[in-house]
Amino acid sequence: MSGWIPYIPVIFDGRPRASSYIPGVSPPRHLYIHVPFCARRCSYCDFSIAVRPVVPVDEYVNALTTELELQFRDAAPWEVDTIYFGGGTPSRLGGPGIARLLDALRRRVSQAPGAEVTLEANPEDVTPAAAAEWRAAGVTRVSLGSQSFDDKVLTWMHRTHDASAIPKAVDTLRRAGIQELSLDLIFALPGELNRDWADDLRQAVELEPDHLSLYGLTVEPATPLFRWRARGLLREAPDQRYEAEFLLAHQALESHGFEHYEVSNYARPGRQARHNSAYWSGAAYAGLGPSAHGFDGRTRRWNLAAYVEWLRTVGKGRDPLGGSEVLTAENRADEAVYLGLRTARGLPLNDGERLKLQAWLDQGWAVATGDGRLCLTALGWLRLDALAEYLTVVRSRS
């Protein structure tokens, strides 16, 4: 899975820009790098990927370095708190590829003391040599695309690893000195797979990760799942099972000491994903690579999605801008509601709002804290979109 980018409706204004850096404004302290390469497309995936049997490491690193110069040509070298390599499958760059990429980034970007550098990896790419090279290059955290511990489920998902590869990868990463580990799992799968969700959670907890990201299966256009559904070969999990599996995970993981700190994310105390938390707080961030998004505090931009198109544009010395949107004060207010409600920290209530939201408290969807914040419960997170929309309307009428 890729590093999560908050969805906000966007408008392409068609205006190319030579640089995303605004003179006089500090560049973002959070950097996302999209590495699109995959061995094959997973059945559920609608991300911007490039299936390549042989990864063109030199071609990609050179283009990424050029894009960094194009976006920030007027900025002096600056310091970042987090770097996130998402995809695609960044681990397919191997140990030398990630080392080369980080070396190239350091010509412009230095890492703050204690910076978080996350690499998304597939279990089959984690070898002792690669893990040692990642650690030596500066990777501090790995997000492992596990998805399930059931081999038949992994085959159905078109994953390229089997269940036995997951604990081997975890052990290899720890032996290399990478201690901060996150595991991804997908729930609410079709019933005919007979997946044992409770057992997947048990096996994940037994590996003692610092962090878990859990995503409910959704059927997106232009994916194998979408075609299977169109042919009547796929029956999605009913809402009742989605809710039951979401709540089972909430109860099971909290009982093992994990904090459910964001709708899809759990962490040991103090081990929250700092990079993704920056998105949820509305912080500025830069994005490089095909389909990558960036936000400077006022304007959201996103890159051309197709790898070949991104590569060709950068090769011509042009910013690979795919589109942009200047956020209005109303946009920012609406976004603040949605992002606030999706985290355990919640949202500050305005005067008089608690009375209008009393039904949420009565239904067990939210709790009000002593310092005037509203925090959704697990039951509330199951209704996140509807509740955020309602509160947005309430505030627009105030």
Q. Could R300 and E335 be called an ion pair, given the rule that one side-chain N must be under 4.0 Å from one carboxylate O?
A. yes

Q: Taking all non-hydrogen atoms of both residues into account, name the closest pair between H34 and A292 and its distance.
A: CB-CB, 4.3 Å

Q) Got a sec, which pairs hit salt bridge (Lys or Arg N to Asp or Glu O under 4.0 Å) with one end in residues 217-227, sequence neighbours left out? A) none

**Q.** Residue pairs fulfilling salt bridge (Lys or Arg N to Asp or Glu O under 4.0 Å) with at least one residue in residues 347-375, sequence neighbours excluded
**A.** E353-R395

Q: Check for a donor-acceptor pair, side chain of E262 on one end and backbone N or O of S264 on the other, with a separation under 3.5 Å.
A: yes

(Q) Quick check: do D334 and V337 have side-chain heavy atoms less than 4.5 Å from each other? (A) no

(Q) Please say yes or no: joined through hydrophobic side-chain contacts below 4.5 Å, possibly via intermediate residues, are L214 and L248 part of one cluster? (A) yes

Q | Geometric class of the W302/H293 ring pair [parallel <30°, tilted 30-60°, perpendicular >60°] | A | parallel

Q: Can you establish whether the number of heavy atoms outside R229 located under 6.0 Å from its atom CZ is more than 12?
A: yes

Q) Do any N or O atoms from the side chain of D210 and from the backbone of L181 form a donor-acceptor pair under 3.5 angstrom? A) yes

Q | Partners passing side chain to side chain donor-acceptor pair (under 3.5 Å) against Q251 (at least two apart in sequence or in another chain) | A | none

Q. Do L217 and P190 touch side chain to side chain, with heavy atoms closer than 4.5 Å?
A. yes

Q.
Keeping W78 on the side-chain end and P28 on the backbone end, is there a donor-acceptor pair under 3.5 Å?
A. yes

Q. Quick one: are L382 and D239 in side-chain contact, heavy atoms under 4.5 Å?
A. no

Q: Describe, in one word, how the ring planes of H211 and Y261 are oriented to each other, choosing from parallel (under 30°), tilted (30 to 60°) and perpendicular (over 60°).
A: perpendicular

**Q.** Pair Y215-Q147, side chain to side chain donor-acceptor pair (under 3.5 Å): steps then yes or no
**A.** CA-CA 9 Å; Y215 303 99; Q147 315 315 352; over 6 Å; no

Q. Of the non-hydrogen atoms in A137 and L102, which two are nearest, and what is the gap between them?
A. O-CD1, 3.4 Å

**Q.** Over all atoms of both residues, closest heavy-atom pair of D46 and P221
**A.** CB-O, 4.2 Å

Q) Between S146 and L154, what is the shortest heavy-atom contact and its length? A) O-CD2, 3.5 Å

Q. Under the salt bridge (Lys or Arg N to Asp or Glu O under 4.0 Å) rule, what pairs show up with a residue in residues 243-258, not counting sequence neighbours?
A. R241-E245

Q. Taking only residues two or more places apart in sequence, or in another chain, which ones meet I49 in a side-chain contact (heavy atoms from CB on, under 4.5 Å)?
A. C38, R41, C45, F47, V51

Q.
Are the side chains of W360 and L376 in contact, using a 4.5 Å heavy-atom criterion?
A. yes

Q: Could you tell me which residues satisfy side chain to side chain donor-acceptor pair (under 3.5 Å) with S281, sequence neighbours excluded, listed by chain and number?
A: none

Q | Within 6.0 Å of CD in E330, more than 12 heavy atoms from elsewhere | A | no

Q. How about V170 and E208: do any of their side-chain heavy atoms sit closer than 4.5 Å?
A. no

Q: Using a strict cut-off of less than 4.0 Å between a Lys/Arg side-chain nitrogen and an Asp/Glu carboxylate oxygen, indicate whether D199 and R202 qualify as a salt bridge.
A: yes

Q.
Using side-chain heavy atoms (C-beta onward) and a distance below 4.5 Å, is T118 in contact with N276?
A. no

Q: Spell out, as yes or no, whether a donor-acceptor pair under 3.5 Å connects the side chain of R108 to the backbone of L68.
A: no

**Q.** CZ (R332) with more than 12 external heavy atoms under 6.0 Å
**A.** yes

Q: Mind checking side chain to side chain donor-acceptor pair (under 3.5 Å) for Q272 and listing every partner two or more places apart, or none if nothing turns up?
A: E259

Q.
Would F37 and Y60 count as a ring-ring contact (aromatic ring centres under 6.0 Å, His included) here? Give the steps.
A. CA-CA 10 Å; F37 307 112; Y60 171 77; 5.5 Å; yes

(Q) Quick one, H256 with L201, criterion side-chain contact (heavy atoms from CB on, under 4.5 Å). Give me CA distance, side-chain angles, the key distance, then yes/no. (A) CA-CA 11 Å; H256 283 90; L201 291 171; over 6 Å; no

Q. Is there a side-chain contact (heavy atoms from CB on, under 4.5 Å) between F149 and D196 once you walk through the steps?
A. CA-CA 9 Å; F149 290 85; D196 188 335; over 6 Å; no

(Q) Are the side chains of V153 and D200 in contact, using a 4.5 Å heavy-atom criterion? (A) no

Q: Identify the residue among R274, E116, H30 that makes a side chain to side chain donor-acceptor pair (under 3.5 Å) with T82.
A: H30

Q: Would you indicate whether the side-chain heavy atoms of D319 and Q71 approach each other to under 4.5 Å?
A: yes

Q) Is it true that L349 and V367 fall in one hydrophobic cluster, defined by side-chain heavy atoms closer than 4.5 Å? A) no

Q: Would you name the heavy atoms of C375 and T369 that are closest together and state the gap between them?
A: SG-CG2, 3.8 Å

Q | Distance-only donor-acceptor check, side chains D162 and S164, under 3.5 Å | A | yes

Q: For a side-chain contact (heavy atoms from CB on, under 4.5 Å) with W310, tell me which candidate from S291, P320, P36 qualifies.
A: P320

Q: Please list, chain by chain and in numerical order, all residues satisfying ring-ring contact (aromatic ring centres under 6.0 Å, His included) with H260, sequence neighbours excluded.
A: F246, H250, Y266, W381

**Q.** Within 6.0 angstrom of R397 CZ, more than 12 heavy atoms from elsewhere
**A.** no

Q: Decide, yes or no, whether a salt bridge links D150 with K152 under the criterion of side-chain N to carboxylate O below 4.0 Å.
A: yes

Q) Is any side-chain N of the basic residue among D103 and R106 closer than 4.0 Å to the acidic one's carboxylate O? A) yes

**Q.** Qualifying residues under side-chain contact (heavy atoms from CB on, under 4.5 Å), relative to A112, sequence neighbours excluded
**A.** R29, E79, D81

Q: Using the side-chain hydrogen bond (donor to acceptor under 3.5 Å, both in side chains) rule, collect all pairs that involve residues 131-140, keeping only residues at least two apart or in two chains.
A: none

(Q) With a 3.5 Å distance limit and no angle check, can you tell me whether T377 reaches the backbone of G364 through a side-chain donor-acceptor pair? (A) yes

Q | Under the side-chain contact (heavy atoms from CB on, under 4.5 Å) test, residues paired with N122 that sit two or more places apart | A | T89, S91, E124, D125, R159, T160

**Q.** Any residue meeting side chain to side chain donor-acceptor pair (under 3.5 Å) with N303, in chain and number order, not counting sequence neighbours
**A.** E67, R301

(Q) Whether the T65 and N62 side chains hold a donor-acceptor pair (N or O, under 3.5 Å, no angle test) is what I'd like checked. (A) no

(Q) Using the rule given for ring-ring contact (aromatic ring centres under 6.0 Å, His included), can you reason through F295 versus Y279, listing the C-alpha separation, both sets of side-chain angles and the distance that settles it, and then say yes or no? (A) CA-CA 9 Å; F295 178 57; Y279 298 147; over 10 Å; no

Q) Does atom CD of E389 have more than 12 heavy-atom neighbours, drawn from other residues, nucleotides or ligands, at distances under 6.0 Å? A) no

